[in-house]
Amino acid sequence: MTTPDFVTWDTNMSVGIDVLDDDHRRLIDMFNGLLRTNVATRGKDDLKALLTGLRDYTDVHFSREEGMMREHGYPDLETHLAAHRYFIDEIAKLHDEFESGHAMMLRIDLILLLKEWLIEHIQTTDVRYRPYMAETAV
Ligand SMILES: [Fe+2]
């Protein structure tokens, strides 16, 4: 039996730039992968690798997104960068908590971070740069 994805990327999450939409899809997939994982039965090393993968891809994505915002002279860059820093800190905290053996909280923390931060961020903060850098007219 396959578990359904916790959240599915939808066109209402599109920021109008394919490469960034692809990044967002991939980050959501990584969260879904972690949430599908049974913390009780999966080896700690496997979970750690998934978490590290999420952290690393977040860095790749944020660098790309921030670079594009700079390139297009996006006016509200500083606020956006602060939001990214918050997310990076939360992922780092999750990583540290997991390292120090608090694996049981991982699922709840991941759900909160996915739904209340990532999805919310894409739909309210990322969409604001759309008119400045979308390839197609909105
Ligand atoms: Fe962003």
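None of the values given here were measured: they were computed from a predicted structure. Both ligands and their constituent atoms are indexed starting at 1 by order of listing.
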Under 4.0 Å between a side-chain nitrogen and a carboxylate oxygen: does that hold for Lys93 and Asp96? no

For the Fe ion (ligand 1), angle spanned by His84 NE2 and His121 NE2 (nearest 10°) is 90°

Check all N, O or S atoms of [X] and name the one closest to the Fe ion (ligand 1).
X      : answer
Glu65  : OE1
His80  : NE2
Asp126 : OD1

**Request:** Check whether NZ of the Lys or CZ of the Arg Arg26 lies under 6.0 Å from the centre of the six-membered ring of Tyr57 and within 45 degrees of that ring's axis.
**Result:**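 Yes, a cation-pi geometry.
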
With no hydrogens and no angle check, do the side chains of His80 and Glu66 hold a donor and an acceptor under 3.5 Å apart?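 No, because no side-chain N or O of His80 sits under 3.5 Å from a partner of the opposite role on Glu66.
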
Below 30° counts as parallel, above 60° as perpendicular, anything between as tilted: where do the rings of Trp117 and His121 land?
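Parallel, since the angle between the ring planes stays under 30°.
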
